[in-house]
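All remarks here apply to the structure that follows.
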Amino acid sequence: MSLVVMKFGGSSLADADKIKHVAGRIIVKKKGGNKIVAVVSAPGNTTDDLIKMADKITCSPSFREMDVLLATGEMISIALLAMAIDTMGEKVISMTGAQAGILANEDYTHARIKKINSQKIYNQLAEDNIVIVAGFQALNPRGDVTTLGRGGSDLTAVALAAALKSDLCEIYSDVEGVYTTDPRVVKNAKKINYISYDEMLEMANSGSQVLQSRSIEVAKKFNVEIHSRSTFSENEGTIITNEEKVKEKEMESFLVSGIAFDKNQAKFTISILDTINVVLKIFSKFSEVNINIDMLSQFVLDKNNIISFIVNGNDVKKAWEELDKITLNCNASISCDEHIAKISIIGIGIKNHSFVAAKIFKILYRSGIVPNMVSISEIKMSCIVNESDVLKAVAELHKGFDLSKKANKGDLQ
Ligand code: ADP
Ligand code: ASP
Ligand code: MG
């Protein structure tokens with residue numbers, strides 16, 4: 001008998017019919033002779049709606065209370081799903097993160113899982129229960145509920161799969177797996193059959209929403225193979241696994257696996273006489289207040305130092321506040337362009353292939369798009385373009401790298 005962790009995202013639980021459908025899928029799996037731990041997200045857009053409600057009450061809510069609020073979303077799902085399964089005649093129990101023994105540190109709103117007391121779930125499985133666990137939440141050392149960062153139910157699922165040594169970790173959503181790019185944006189995007197942890201991590205970090213990046217870090221660390229697949233079809237999805245297995249399974253290796261994009265980015269440009277002190281201050285202050293700088297460039301123009309860098313769109317307000325303080329008496333001029341987007345081209349084949357850069361520039365120039373800032377890492381190349389150009393750029397790069405023709409062994413079977 002196998003132990004299967006099945007995770008269902010908010011889009012799979014958006015209304016009563018969908019919840020009943022998910023209940024049916026869980027029961028089929030149970031009847032296949034498996035023990036089931038199902039992790040669920042809040043229904044539909046519940047988490048966003050809760051954030052909007054809090055915004056209407058205060059612009060600076062306490063992080064502790066924010067976690068109390070957001071954790072309620074997943075509790076709606078566990079209760080309703082357990083009711084649906086019960087109505088269909090199967091033994092079931094719902095558990096909050098705390099009841100399931102998921103312990104985290106004190107970082108409210110982006111807590112890290114420290115330990116899972118697996119016995120609590122094992123006890124319920126031994127009673128032949130289907131166990132439904134609220135994703136995205138844990139208990140901190142103060143006895144408070146904390147949340148694990150947006151998309152955190154994926155992390156709950158992978159962490160439980162590792163702690164319970166499950167045989168399978170399936171993450172169900174409204175798409176059939178991981179595609180060469182967002183299938184809602186490029187219609188001929190192709191489902192990838194096998195992708196390595198490192199590539200998936202870069203995709204997730206670069207804006208591909210389908211899996212949360214921290215869940216991939218944990219999957220890699222504990223060697224949890226993830227099957228990303230659809231709630232609404234029986235088709236096989238994408239296996240996220242180690243690089244060796246990907247190479248073994250792929251019919252031929254491809255330079256590029258996928259293209260991710262993120263419109264929620266902003267570019268700050270600072271023109272100032274003194275750089276060294278200011279750059280140091282910016283870096284140390286930003287790391288103190290948790291603002292990540294993604295790309296950085298610096299040059300001198302007419303004795304002025306021009307520094308540009310990219311931050312996540314959600315950090316713009318915080319970044320302005322800090323920059324205003326740091327440059328208070330420096331006669332600096334600061335601007336922020338929020339109408340930009342980052343495009344990332346990802347693939348283990350990019351390693352040692354510097355001509356990929358030339359190809360990317362050629363495709364973009366031919367389409368009349370001039371990339372602005374560029375960064376290259378081992379398996380990823382990212383560039384900044386105007387927000388209005390992003391969809392065209394993604395479509396042209398997808399075509400230019402022949403991604404709709406990408407085929408794995410699995411396609412031929
Ligand atoms: P869930 O609600 O199940 O957690 P998400 O909304 O978080 O699902 O993730 C699924 C969405 O991710 C899809 O609807 C799709 O639009 C988006 N997405 C972005 N990039 C990709 C990609 N490369 N492959 C598949 N889906 C992607
Ligand atoms: N409900 C949370 C969110 O919307 C967690 C999740 O969906 O994974 O971010
Ligand atoms: Mg998600």
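All ligand and atom numbering here is 1-based and tracks the order in the structure. These numbers come from a predicted model, not from an experiment.
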Contact check: S41 vs ligand 1, nitrogen or oxygen atoms, below 3.5 angstrom:
no

Determine whether the side chain, the backbone, both or neither of K7 has a heavy atom under 4.0 Å from any heavy atom of ligand 1.
side chain

Might you point out which heavy atoms bring A84 and I19 nearest each other, and give the distance in Å?
CB-CG2, 4.2 Å

For M203, the atoms of ligand 1 under 4.0 Å from one of its heavy atoms are 23 (N)

When you look for heavy atoms under 4.0 Å from ligand 1, do you find them on the side chain of V175, its backbone, both, or neither?
side chain

Enumerated ligand 2 atoms positioned under 4.0 Å from heavy atoms of E74:
1 (N), 2 (C), 5 (C)

L164 backbone acceptor or donor facing Y122 side chain under 3.5 Å
yes

Under 4.0 Å from ligand 1, counting heavy atoms only, is it the side chain of T181, its backbone, both or neither?
backbone

Under 4.0 Å, heavy atoms only, figure out whether ligand 2 is touched by the backbone of Q212, its side chain, both or neither.
neither

Strictly under 4.0 Å, does any heavy atom of Q212 approach an atom of ligand 1?
no

Heavy atoms of other groups near K91 NZ, more than 12 under 6.0 Å:
yes

Would you mind checking if E243 and K247 are paired as a salt bridge, meaning a charged N to carboxylate O distance below 4.0 Å?
yes

Heavy atom of the protein closest to atom 3 (C) of ligand 2 (residue, atom name, distance):
R150 NE, 3.3 Å

Minimum heavy-atom distance M295-S375, with the two atoms named:
CE-OG, 3.8 Å

Look at K190 together with D402 and state whether they make a salt bridge at an N to O cut-off of under 4.0 Å.
no

For the residue pair K18 and D15, what are the closest heavy atoms and their distance?
N-OD1, 2.9 Å

Contact atoms of ligand 1, heavy-atom distance to V178 under 4.0 Å:
24 (N)

As an exercise, identify every atom of ligand 1 less than 4.0 angstrom from a heavy atom of G177.
24 (N), 25 (C)

Check each heavy atom of S153 against ligand 1 and say whether those closer than 4.0 Å belong to the side chain, the backbone, both or neither.
neither

Closest to atom 12 (O) of ligand 1 (heavy atoms only, candidates V210, I259, N45) is V210

Would you call G9 a ligand 2 contact, heavy-atom distance under 4.0 Å?
no

Check each atom of ligand 1 against the heavy atoms of P183 and keep those under 4.0 Å away; list them by number with element.
24 (N), 25 (C), 26 (N), 27 (C)

Protein contact to atom 7 (O) of ligand 2 [nearest heavy atom, distance to 0.1 Å]
S41 OG, 3.2 Å

In terms of atom number and element, which parts of ligand 1 are under 4.0 angstrom from non-hydrogen atoms of Y172?
3 (O)

Could you tell me the residue and atom name of the protein heavy atom closest to atom 3 (O) of ligand 1, and the distance to it rounded to 0.1 Å?
S173 CB, 3.0 Å

If you count the atoms of ligand 1 from 1 in the order shown, which ones are under 4.0 Å from a heavy atom of S11?
1 (P), 2 (O), 3 (O), 8 (O)

Do K359 and F401 form a cation-pi contact, if we require the NZ or CZ to be under 6.0 Å from the six-membered ring centre and within 45 degrees of the ring's axis?
yes

Under 30°, 30 to 60°, or over 60°: which ring-plane class applies to H21 and F232, parallel, tilted or perpendicular?
parallel

Ring-plane angle category for Y172 and F8, please: parallel below 30°, perpendicular beyond 60°, tilted otherwise.
parallel

Distance-only N or O hit between ligand 2 and D154, under 3.5 Å:
no

Is M75 atom CE crowded by more than 12 heavy atoms from other residues, nucleotides or ligands, each under 6.0 Å away?
no

Can you tell me if F8 contacts ligand 1 (heavy atom of the residue under 4.0 Å from the ligand)?
no

Do any nitrogen or oxygen atoms of S153 come within less than 3.5 Å of a nitrogen or oxygen of ligand 2?
yes

Heavy-atom nearest pair, L364 first then A393, reads CD2-CB, 3.8 Å

List every atom of ligand 1 that sits less than 4.0 Å from any heavy atom of G9, numbering the atoms from 1 in the order shown and giving each element.
1 (P), 2 (O), 3 (O), 4 (O)

At their closest point, which heavy atom of V22 faces which heavy atom of S12, and how far apart are they?
CG2-O, 3.3 Å

Closest protein heavy atom to atom 13 (C) of ligand 1, given as residue, atom name and distance to 0.1 Å
D174 OD1, 3.5 Å

Step through the shown structure and confirm whether more than 12 heavy atoms of other residues, nucleotides or ligands are within 6.0 Å of CZ on R25.
yes

Apply the side-chain hydrogen bond (donor to acceptor under 3.5 Å, both in side chains) test between E106 and each candidate in R142, R64, R112; give the one that qualifies.
R142

Does even one non-hydrogen atom of G258 get within less than 4.0 Å of ligand 1?
no

Start with the C-alpha distance between N123 and Q119, add both sets of side-chain angles, then the distance that settles side chain to side chain donor-acceptor pair (under 3.5 Å), and finish with yes or no.
CA-CA 6 Å; N123 291 346; Q119 201 52 47; 2.9 Å; yes

Starting from atom 21 (C) of ligand 1, locate the nearest protein heavy atom and write down its residue, its atom name and how far away it is, to 0.1 Å.
D182 CA, 3.7 Å

In this structure, does ligand 2 have an atom that sits under 4.0 Å from one of the heavy atoms of G151?
yes

For Q209 and ligand 1, does the shortest N/O to N/O distance drop below 3.5 Å?
yes

Taking distance alone, with N or O pairs closer than 3.5 Å, would you say Y179 contacts ligand 1?
yes

Counting only heavy atoms not in K318, do more than 12 fall under 6.0 Å of its NZ?
yes

Find all atoms of ligand 1 within a distance of less than 4.0 Å from any non-hydrogen atom belonging to G10, and give their numbers and elements.
2 (O)

For K190, state whether at least one heavy atom is located under 4.0 Å from any atom of ligand 1.
no

Taking the basic N atoms (NZ, or NE/NH1/NH2) and the acidic carboxylate oxygens, is any pair closer than 4.0 Å for K220 and D198?
yes

